[in-house]
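Structure first, then comments.
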Amino acid sequence: MSPRKIILGTILYPSGHHVAAWRHSSTQVDANIDVNHYVRAARDAEAAGFEIAFISDRLGVPRSRAEALRRIDEWSHGFEALTLAAAVAMATRTIGVVATASTTFNEPYNLARQFASLDLISNGRIGWNIVTSSLEQESDNFNPGPDFDHAARYARADEFVDAVKSLWQSWNPDGFVRDKESGVFFGPDAVKSVDHDGPYFRSKGPLNVIPSRQGRPLLVQAGSSDAGKALAARTADVVFTAQTDIVSARGFYQDIKRRSSAAGKNAHDVLILPGIFPVIGETRSQAEDKYAELQNLIQPDVALSLLETYLGDVDLSGVDIDGPLPDLPVSNSIRSRQALLTEFARKEGLSVGALARHIAGARGHWQVIGTPDDVAGQIEDWTARGAADGFMLLPPTFPEGQDDFIRTVVPLLRKRDLLSPGPQTGSLRERLGLPDLARNRTDAVRNRA
């Protein structure tokens with residue numbers, strides 16, 4: 001069996017992952033409301049052999065600094081994630097489309113229907129990025145209901161995912177007869193009720209959407225707190241993570257694989273994809289100049305506002321920005337990112353202001369500034385040393401940042417035999433080398449018979 005190739009995904013952002021990308025001369029100023037912008041990015045990634053186009057989402061706008069919010073494009077995304085996923089899926093043929101949806105402000109039956117429908121529309125290329133929601137402002141947009149405490153959100157998420165997976169198993173595709181002569185559309189073994197009744201949800205089922213060719217949508221999880229890692233190890237096919245160096249990435253990788261094995265899964269079937277924020281130049285000096293150009297576009301209040309959000313909705317008003325990051329209460333929102341950034345600031349001796357400027361691009365993900373050889377070499381090193389199964393690309397700008405990576409780094413990865421030769425057909429699970437759930441389910445039905 002040949003070694004599994006590196007998996008590449010791209011995060012579809014408005015003008016780019018850098019907070020000041022929308023101000024850069026190369027970007028489209030209204031990209032956040034132009035569906036063709038997202039479609040083009042996904043198609044370009046597809047043509048380059050990427051396996052995933054990833055769509056992030058949130059259900060609210062932070063209120064930390066009103067003036068800063070007026071100077072950033074990412075909070076006015078323009079599109080709800082599942083709606084955009086449908087558009088991207090219809091405009092592409094082979095790439096997987098992963099959309100974000102919250103377990104805190106949804107019901108399992110509705111979300112199971114939506115994702116199952118998208119999976120049929122895309123012919124088995126959809127994934128669900130499972131989030132518990134993190135901004136307090138998100139809870140303000142919904143009727144009083146679920147406890148927004150961190151532990152309670154993850155307990156709800158555990159049951160939510162179980163309920164959705166049960167609903168997706170309502171139908172046996174082999175049970176569809178579709179016999180016009182007899183008038184029988186599906187047989188008695190084609191459908192079953194679910195009868196889920198738990199602390200948070202109840203759903204009798206069955207789901208009224210049948211499975212796609214890949215059996216069910218791919219499950220993706222991005223939380224790196226203990227609760228997030230426990231959920232990922234038990235349920236996820238793919239784990240998207242933020243790591244700043246190879247040592248921490250290897251530790252995270254080994255932890256998830258170990259937890260997955262303990263949960264009764266094959267650790268090989270849980271894929272770890274750290275984010276990578278590459279700034280690429282023909283020379284290292286040119287790459288550094290490109291990065292400096294973006295950094296010079298950062299407005300101080302914007303960087304500080306972003307830092308407050310990624311530290312878990314904290315208020316840094318009155319804090320000396322030239323001094324060290326103060327001790328912070330444990331976040332109830334994005335706890336793992338708070339811990340990562342706090343540790344990074346301490347290790348690097350960064351002031352509050354320096355930390356704010358540093359995260360304005362990579363947001364706590366792995367940042368690489370250099371030549372195509374530098375980027376390809378470090379990707380190979382991380383993979384060879386057991387720190388990743390692949391990477392989620394965070395282009396500094398669109399389209400230039402993604403174009404640079406595709407034009408200069410992808411050929412080097414292929415030359416090193418790290419990537420597949422080009423776009424691959426099949427369901428998303430097949431592209432990622434994961435078990436065939438549809439076949440496994442058919443085998444289980446036959447065994448029960």
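- Proximity of Leu294 to Pro396: side-chain heavy atoms (C-beta onward) are separated by under 4.5 Å at one or more points.
- Summarising the geometry, atom CD belonging to Gln338 is positioned 12.5 Å from atom OG1 belonging to Thr309; distances are rounded to the nearest 0.5 Å.
- Rounding to the nearest 0.5 angstrom, the gap separating the OG atom in Ser248 from the NZ atom in Lys347 is 6.5 Å.
- Screening Asn129, Val97, Thr100, Val98 for a side chain to side chain contact (heavy atoms under 4.5 Å, CB included) with Ile55, the sole residue that qualifies is Val97.
- Closest of all the heavy-atom pairs between Leu394 and Phe240 is CD2-CZ, 4.5 Å.
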Subject >> Check against salt bridge (charged side-chain N to carboxylate O under 4.0 Å, His left out), Arg346 and Asp327 >> reply: CA-CA 11 Å; Arg346 303 277 192 265; Asp327 292 334; 3.3 Å; yes

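- Side chain of Asn106 to main chain of Leu111: no donor-acceptor pair is present (N/O by atom type, distance under 3.5 Å, no hydrogens or angles).
- Between Asn36 and Arg40, every side-chain heavy-atom pair lies at or beyond the 4.5 Å cut-off.
- Summarising the local packing, CD1 of Ile321 is surrounded by 12 or fewer heavy atoms from other residues, nucleotides or ligands at distances under 6.0 Å.
- Put simply, the side chain of Gln221 does not reach to within 4.5 Å of the side chain of Val161, judged on heavy atoms.
- Not a single donor-acceptor pair under 3.5 Å links the side chain of Thr27 to the backbone N or O of Phe398.
- When all heavy atoms of Ala345 and Leu355 are compared, the pair lying nearest together is CB-CD2, 3.8 Å.
- Without hydrogens or angle criteria, Ser170 side chain to Pro206 main chain gives no donor-acceptor distance under 3.5 Å.
- Between Phe115 and Gly127, the closest heavy-atom pair is CE2-O, 3.5 Å.
- For the pair Arg71 and Arg23, the minimum side-chain heavy-atom distance is 4.5 Å or more.
- Between Ala233 and Ile256 the shortest heavy-atom distance is CB-O, 4.3 Å.
- Side chain of His37 to main chain of Tyr13: a donor-acceptor pair is present (N/O by atom type, distance under 3.5 Å, no hydrogens or angles).
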Original post:
For Arg125 and Thr92, what are the C-alpha separation, side-chain angles and deciding distance, and is it a side chain to side chain donor-acceptor pair (under 3.5 Å)?
Top reply: CA-CA 10 Å; Arg125 293 186 289 120; Thr92 53; 3.0 Å; yes

**OP:** Would you please test Thr383 and Phe391 for side chain to side chain contact (heavy atoms under 4.5 Å, CB included) and show each step?
**Re:** CA-CA 9 Å; Thr383 309; Phe391 299 89; 3.6 Å; yes

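- Scanning both residues, Pro173 and Pro211, for their nearest heavy atoms gives CG-CG, 4.0 Å.
- With hydrogens and angles ignored, the 3.5 Å screen pairs no side-chain donor or acceptor of His18 with any backbone N or O of Thr397.
- The aromatic rings of Trp128 and Trp168 sit perpendicular, their planes meeting at an angle over 60°, well past the 30° parallel limit.
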**OP:** Apply side chain to side chain contact (heavy atoms under 4.5 Å, CB included) to the pair Val352 and Asp320, showing each step before the final yes or no.
**Re:** CA-CA 7 Å; Val352 172; Asp320 180 9; over 6 Å; no

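- Counting heavy atoms of neighbouring residues, nucleotides and ligands inside a 6.0 Å radius, atom CD of Glu80 exceeds 12 of them.
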Subject >> Working for side chain to side chain contact (heavy atoms under 4.5 Å, CB included), residues Asn32 and Trp22 >> reply: CA-CA 9 Å; Asn32 63 325; Trp22 74 273; over 6 Å; no

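- Lys5 contributes no side-chain N or O that, together with a main-chain N or O of Ser420, makes up a donor-acceptor pair within less than 3.5 Å.
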**OP:** Show the numbers, then the answer: is there a side chain to side chain donor-acceptor pair (under 3.5 Å) between Gln214 and Ser212?
**Re:** CA-CA 5 Å; Gln214 73 169 339; Ser212 78; 4.8 Å; no

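- Of the possible polar contacts, none joining the Arg93 side chain to the Glu46 backbone as a donor-acceptor pair under 3.5 Å is found.
- Considering CD of Glu51 and CG of Leu8, their distance stands at 6.5 Å, rounded to 0.5 Å.
- The side-chain heavy atoms of Pro217 and Leu118, taken from C-beta on, include no pair separated by under 4.5 Å.
- When side chains are defined from C-beta on, Val375 counts as touching Phe405, because their heavy atoms get closer than 4.5 Å.
- Between Arg363 and Leu306 there is a side-chain heavy-atom pair separated by less than 4.5 Å.
- The backbone N or O of Leu418 lies less than 3.5 Å from no partner atom in the side chain of Glu380, so there is not a single donor-acceptor pair.
- Residue Leu419 holds its CG atom at 10.5 Å from CD1 of Ile7, rounded to the nearest 0.5 Å.
- Shown here for Thr10 and Gln402, the closest heavy-atom pair between the two residues is OG1-OE1, 2.7 Å.
- Leu59 has its side chain within reach of Phe142: a pair of non-hydrogen atoms, C-beta onward, lies under 4.5 Å apart.
- With rounding to the nearest 0.5 Å, the separation of CG in Leu84 from OH in Tyr38 is 6.5 Å.
- The CG atom of Leu393 sits 12.0 Å away from the CG atom of Leu273 when rounded to the nearest 0.5 Å.
- Formation of a donor-acceptor pair under 3.5 Å by the Ser193 side chain with backbone atoms of Asp195 is not found in this model.
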Original post:
Are Leu218 and Leu434 close enough, and set up right, to give a side chain to side chain contact (heavy atoms under 4.5 Å, CB included), and what steps lead you there?
Top reply: CA-CA 10 Å; Leu218 193 80; Leu434 295 173; 3.5 Å; yes

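- In this structure, the side chain of Gln243 does not engage the main chain of Pro274 through any donor-acceptor pair within 3.5 Å.
- Among residues at least two apart or in separate chains, side chain to side chain donor-acceptor pair (under 3.5 Å) pairs with a member in residues 226-238 are Asp158-Arg234, Asp162-Arg234, Arg216-Asp237, Asp226-Arg259, Lys229-Asp255, Asp237-Arg429.
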